[in-house]
Amino acid sequence: MACSAICFRETVSVLQSPNCCYIPKICSSPNLESSTGGFRNWMIPADSNTNKLKTACFKLFMTVCSMEGKSSDTTVGSLDLPQSDRRFSGQVLGPPPPDSDWWDRKLFSGPVVVRDSCTLDKTQSFRYRHLSGGAMMDPSPDSEAFDAVHLGVSDVLFDADGGDWHMYYFGGSFDELPIPGGPTDKKFRGVRLQPGLAMSKDGLSFEDRKGPILELGDADSWDKNGVSWPRVIPPKGGEDRKWFMTYHTREKEGPTGFGCYTPGIATSTDGENWVKGGKVLSLGAPGSWDEGGASVCHVLKIGDQFLMFYEGSDFKFQYAIGLAVSDDGIIWERDQNCGPEPGGPILRAQTGEDFWDNVLVGTPYVLAMEDGSFRMYYLGVGKFEGDKTSQRGIGLAISDGENYRSWRRFNE
């Protein structure tokens, strides 16, 4: 049986089955390790003056789907970052070799990147290997649980005061339901997603889990079909101790009959008990790049303003990444000052048969850097000429300094 799971790279990752045909779980995922037995991560731009990686160490979490349902602790391969090949501009993590026996070779998705504290000499060589031990967190053994079928990671925080890792994730249950907007006579397990919270002391073993931490909407609510991809913004101190959570659901609206995605907001005072605040973005204007709605979001608070980087699509399922803004984190509007036309997008799939992400880009995760710039990690899907199937990778886009409306792919 193949499986989808939440994994750890020292960097941490999780893979999600988009068709609910595989059983997602949280797993140990491939990791980068220096040839001298040091840290494990992938390479990113170095400071040419000091010969050091400016922010070289991160933890990467993502959702993974394996072929055999287990991981290997023996397979080691080279991590190929073809930085001189413009076909791969932006790609920082590619798919495993097609003839490999790597457990996560089916697919991977949804990068979540957490800052870590280390500095690496850029001359060190790195290897890409599997961590031993397999899954970080399996689906619940309780067949009645909301996360008994599959899991996907959506956000990870480190609580410096308590010394705990907090993983916000989503899970699917054994309830058999039709896909919203799909045929009503065909039912699937794991369709209705709900969010959970798992805790860990070491960032590897997430045994303490709670959930669902946010319930489905009632029969007449816009979010009755699911509450998925929870991502949170913790308070930064001061008197206002409000937490924010974004999530999205799938509705039956839209001219194609296949449904659409819409995001919502919830607030909390402790990060565990949440109150819904309603839908925050409607469908884009007819004919716009995001007329089919917005799904996976990542929100940052910069100064007094909230920024929402979101995955959007039209009704032809052409995905791109856009930007919305808010003064209070509750009321949002699409940013009209970004992209090639008012309203975005800020990052599209590349055009042409010779690019690794020429089909779609999505699931943005954005880090604010010390120099005021931003880094956006994203899922890219592409298909080279002659390929029979599409390939996935993790990409990196870099802002134009402090301008979060203007982006270029790493190494472009």
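Note that the coordinates shown come from a computational prediction; the quantities given were computed from them, not determined experimentally.
- Aromatic ring centres of His298 and Phe309 lie farther apart than the 6.0 Å criterion allows.
- For Thr246, the side chain to side chain contact (heavy atoms under 4.5 Å, CB included) partners two or more places apart in sequence, or in a different chain, are Arg231, Ile265, Cys297, Val299, Met308.
- Side-chain contact annotation: Glu311 with Thr363, donor-acceptor N/O pair under 3.5 Å absent.
- Proximity of a side-chain donor or acceptor of Ser89 to a complementary backbone N or O of Asn411 within less than 3.5 Å is not detected.
- For Phe158 and Trp165, the ring centers sit closer than 6.0 Å to each other.
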Q: Any chance you could lay out the side chain to side chain contact (heavy atoms under 4.5 Å, CB included) test for Val227 and Thr249, step after step, and finish with the verdict?
A: CA-CA 6 Å; Val227 178; Thr249 194; over 6 Å; no
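- Taking CG from Asp314 and CG from Asp290, the interatomic distance works out to 9.0 Å, rounded to the nearest 0.5 Å.
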Which atom pairs, one a donor and one an acceptor, fall under 3.5 Å between side chains of residues 174-186 and the rest of the protein, sequence neighbours left out?
from: Asp175; atom 1: OD2; to: Ser173; atom 2: OG; distance (Å): 3.4
from: Glu176; atom 1: OE2; to: Arg189; atom 2: NE; distance (Å): 3.4

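- Ring centroid separation for the pair Tyr169 and Phe206 does not come in under the 6.0 Å cut-off.
- Taken from NZ in Lys236 to NZ in Lys301, the straight-line distance is 7.5 Å, to the nearest 0.5 Å.
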**Q.** Working for side chain to side chain contact (heavy atoms under 4.5 Å, CB included), residues Phe384 and Trp356
**A.** CA-CA 7 Å; Phe384 290 119; Trp356 73 275; 4.1 Å; yes
If you look only at distance, which donor and acceptor atoms sit under 3.5 Å apart when one is on a side chain in residues 342-350 and the other is two or more places apart or in another chain?
from: Gln350; atom 1: NE2; to: Asp357; atom 2: OD1; distance (Å): 2.5

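- In this structure, CG on Asp371 lies 8.0 Å from OG on Ser399, to the nearest 0.5 angstrom.
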